[in-house]
Amino acid sequence: FMKWMKSSIGAHFSNVRRFYDDEGWTSTIPQPLSGINETRELHSVDLLKCNASEGLTVYPILRAFVVSVYGTQAAEPQVQASLFLCLILDEISTLIKGMAGAMAEQAAARLRDLVKRYMAAFEEAYGKSKFRFKHHQLLHLPDWVHAMKRLLICFVLERKHFLAKAALQWHKRLRSMSRGGLNGMLLSQLRLLESPGWASQLLDSVPYPEIAASLVAQHARISRSMRWNGAGVQCKNVVFLNYARTYLVRVVGCVAYTPSEGSSEEKYGLIVKGGERISSTGTASVWRVNRDCSLYRLVDEPVVQATFFRQLGADLIEVLH
């Protein structure tokens, strides 16, 4: 699509990077445009060469740029295919956050329709010869999600390959490689289990006795960052606390506390500035952020990061979903 865009109006990835800077967009994710940086642009001739995480990170700003140029009702099939693909990624990025059960089934139904419309627009835009095996795999994705009531991903298993390489690379003899490599792998697994990524916990916390009294808690701690249901949360993040992206907060701090009565299990919360939605287009929304802070007690809420946002005023922000 970006190759077609360059040939038709002369715009390419460099224009998207300039759009990001000129329009005042920002992100709490380190290097959010790494998927379309100068090096990737140089090596992306027919296809964008970035990994899946980079693609899922950068596509909202790509869509915002396309919409700013063509609008949302563009007649060109190339634009339609691009926007349908972004809607598919909306569903994927939400499913990855842990959506399951009936909501995942509903997402699968939406995916079926989106994939059908995307394929038709893609064929009209580029012809059948440009279809790839990944397009065929995409046809099966809604059925997989519907059958499993969730989306399973293989990124975690792929990352374990790096552990195996690190455990084996220093061994030069076959005998020591098998024994030493196995020991190294076991030790790396133990280190991961000491602080598992799926466990909810504060990171680098300090005691917070002031809030313990107000919560009638035995102990309380505060931190700039935490893990919650496998998702990372940190100070200054702009996050949605529901899948529908209708409840937005700006994170000020992360809290853990142990209630004085009942269960001794540690509870978690966020110190936040709540947001009031002013307007929404479905792919972007404008919010008025409160100046006062409050404590939000977490139960089982998902954390959906707003990757890109910009300040429109003293208390107004615009968020790309």
Side-chain angles (χ1 to χ4, degrees), residues 1 35 48 52-67 70-126 130-155 229-231 238-248 277 279-287 300-309 318-321:
F1 169 73
L48 175 59
S53 297
E54 290 172 329
L56 285 170
T57 296
V58 80
Y59 86 88
I61 200 72
L62 282 171
R63 172 167 55 191
F65 176 73
V66 172
V67 169
Y70 294 99
T72 57
Q73 305 298 323
E76 295 89 341
Q78 292 86 352
V79 180
Q80 292 180 6
S82 175
L83 295 179
F84 280 135
L85 181 57
C86 287
L87 290 174
I88 290 172
L89 291 175
D90 286 342
E91 300 291 347
I92 298 302
S93 62
T94 304
L95 283 161
I96 286 176
K97 300 298 182 183
M99 178 187 282
M103 288 191 293
E105 289 184 297
Q106 294 167 9
R110 292 192 297 269
L111 274 172
R112 283 194 189 96
D113 179 62
L114 288 171
V115 169
K116 180 180 179 180
R117 298 169 74 180
Y118 165 63
M119 293 293 193
F122 186 91
E123 181 180 354
E124 184 180 354
Y126 308 110
K130 293 298 182 180
F131 278 114
R132 308 176 70 218
F133 179 61
K134 287 186 177 182
H135 287 93
H136 178 83
Q137 292 175 308
L138 182 59
L139 289 171
H140 292 283
L141 186 61
D143 292 333
W144 296 337
V145 174
H146 185 271
M148 296 182 291
K149 308 295 186 290
R150 68 190 72 243
L151 175 65
L152 300 181
I153 56 175
C154 61
F155 299 153
N229 289 341
V238 176
V239 302
F240 296 99
L241 294 178
N242 63 348
Y243 291 123
R245 295 175 173 84
T246 58
Y247 192 96
L248 178 136
R277 187 168 61 179
S279 63
S280 177
T281 62
T283 60
S285 51
V286 176
W287 300 77
D300 58 359
E301 296 87 343
V303 171
V304 182
Q305 293 277 1
T307 309
F308 298 99
F309 54 91
E318 183 178 7
V319 173
L320 296 182
H321 294 187

Applying side chain to side chain donor-acceptor pair (under 3.5 Å), can you list everything that pairs with R63, at least two apart in sequence or on another chain? D90
Would you say that T307 contacts L56 through its side chain, given a criterion of any heavy-atom pair below 4.5 Å between the two side chains? no
Residues two or more places apart in sequence or in another chain: which of them pass side chain to side chain donor-acceptor pair (under 3.5 Å) with T72? none
Over 60° means perpendicular and under 30° means parallel, so tell me whether H136 and F133 are parallel, tilted or perpendicular. parallel
Would you please name every residue forming a salt bridge (Lys or Arg N to Asp or Glu O under 4.0 Å) with K116, sequence neighbours left out? none
List for me each residue that meets side chain to side chain donor-acceptor pair (under 3.5 Å) alongside N242, sequence neighbours excluded, and say none if there are none. T246
Listed by chain and number, what are the ring pair (Phe, Tyr, Trp, His ring centres under 6.0 Å) partners of F84, not counting sequence neighbours? none
Rounded distance [0.5 Å steps], OG1 in T94 versus NZ in K97: 8.5 Å
Count the heavy atoms belonging to other residues, nucleotides or ligands that lie under 6.0 Å from CD of Q73, then report whether that count exceeds 12. no
Any side-chain heavy atom of L83 sitting closer than 4.5 Å to one from V67? yes
Taking side-chain contact (heavy atoms from CB on, under 4.5 Å) as the definition, give me every residue that meets it alongside V115, ordered by chain and number, with sequence neighbours left out. I88, M119, L138, L139, P142
Measuring only between side-chain heavy atoms, which start at C-beta, is H140 closer than 4.5 Å to Q137? no
Which value, rounded to the nearest 0.5 Å, describes the distance between R117 atom CZ and Q80 atom CD? 9.0 Å
Sidechain-backbone polar pair: Y243 side chain, M99 backbone, donor-acceptor under 3.5 Å: yes
If you look at every heavy atom in Y126 and K130, which pair is closest and at what distance? O-CG, 3.4 Å
Which pair of heavy atoms, one from A100 and one from R150, lies closest together, and at what distance? CB-NH1, 3.6 Å
Using salt bridge (Lys or Arg N to Asp or Glu O under 4.0 Å) as the criterion, list what pairs up with E76, not counting sequence neighbours. none
Residues in salt bridge (Lys or Arg N to Asp or Glu O under 4.0 Å) contact with R110, at least two apart in sequence or another chain: E91
Residues V319, F240; criterion side-chain contact (heavy atoms from CB on, under 4.5 Å); working and verdict: CA-CA 10 Å; V319 173; F240 296 99; 3.9 Å; yes
For the pair T57 (side chain) and S53 (backbone), establish whether a donor and an acceptor sit closer than 3.5 Å, ignoring hydrogens and angles. yes
Closest heavy-atom pair, H321 versus S285, reported as atoms and distance to 0.1 Å, is NE2-OG, 2.8 Å
Looking at side-chain heavy atoms only, is the closest gap between V304 and V239 below 4.5 Å? no
Those residues that, when tested against L85, pass side-chain contact (heavy atoms from CB on, under 4.5 Å) (two or more places apart): Y118
List the residues meeting side chain to side chain donor-acceptor pair (under 3.5 Å) with R277, not counting sequence neighbours, and say none if there are none. none
Is V66 close to F1 at the side-chain level, that is, under 4.5 Å between some pair of heavy atoms? yes
Counting only heavy atoms from other residues, nucleotides and ligands, does the tally under 6.0 Å from NZ of K149 exceed 12? yes
From Q305 atom CD to S93 atom OG, the distance as rounded to the nearest 0.5 Å: 12.0 Å
Rounding to 0.5 Å, atoms CG (L111) and CG (L87) come to a distance of 10.0 Å
Could I get the full list of salt bridge (Lys or Arg N to Asp or Glu O under 4.0 Å) partners for R245, not counting sequence neighbours? none
Between CZ of F122 and OG of S82, what distance do you get to the nearest 0.5 Å? 11.0 Å
Sequence neighbours excluded and cut-off under 3.5 Å, please list the side-chain donor-acceptor pairs for residues 102-109, or say none.
none

